[in-house]
Amino acid sequence: MKTPIHQQSYRLRDERFGEIDSSIIKQVRSLSVEKLEALGRALFIISAIDGLVAWLEENV
């Protein structure tokens with residue numbers, strides 16, 4: 001079940017990066033609520049898909 005924080009994080013991710021690779025989506029979907037909240041905050045400073053990939057590598 002997707003929580004509101006999951007839904008918000010997915011919307012922010014999609015608005016920022018558009019269509020992204022399914023492997024990245026799987027990583028994001030596997031995050032805990034705490035990690036999704038951290039990703040939501042990080043999306044304010046991540047400006048490119050490479051930054052998202054680096055964040056996931058450090059936090060998954």
Side-chain angles (χ1 to χ4, degrees):
M1 182 176 119
K2 292 182 186 174
T3 64
I5 191 70
H6 284 92
Q7 293 170 344
Q8 179 65 23
S9 293
Y10 298 157
R11 274 194 301 274
L12 289 170
R13 181 203 64 208
D14 293 345
E15 287 176 19
R16 174 72 93 172
F17 304 111
E19 194 171 325
I20 59 175
D21 188 83
S22 63
S23 65
I24 295 171
I25 292 170
K26 286 180 186 177
Q27 286 183 301
V28 171
R29 287 185 177 161
S30 72
L31 296 174
S32 67
V33 170
E34 292 80 16
K35 292 287 185 175
L36 281 170
E37 290 172 346
L39 176 57
R41 290 187 299 273
L43 287 174
F44 286 106
I45 58 173
I46 296 172
S47 61
I49 195 71
D50 292 342
L52 175 60
V53 170
W55 188 94
L56 289 167
E57 288 173 354
E58 292 175 14
N59 291 280
V60 173

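Keep in mind it's a predicted model, so treat the numbers as computed, not measured.
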Participant: Which atom pair, heavy atoms only, marks the closest approach of Ile46 to Phe17?
Facilitator: CG2-CZ, 3.6 Å
Participant: Show me the side-chain donor-acceptor pairs of residues 19-27 shorter than 3.5 Å, one per line, residues at least two apart or across chains.
Facilitator:
unit_1 : atom_1 : unit_2 : atom_2 : d
Asp21  : OD2    : Ser23  : N      : 2.9
Asp21  : OD2    : Ser23  : OG     : 2.4

Participant: Lys35 side chain to Val60 main-chain N or O, any donor-acceptor pair under 3.5 Å?
Facilitator: no
Participant: How close do Trp55 and Ala42 get, heavy atom to heavy atom, and via which atoms?
Facilitator: NE1-CB, 3.5 Å
Participant: Would you call Val28 and Leu56 a side-chain contact if the rule is heavy atoms closer than 4.5 Å?
Facilitator: yes
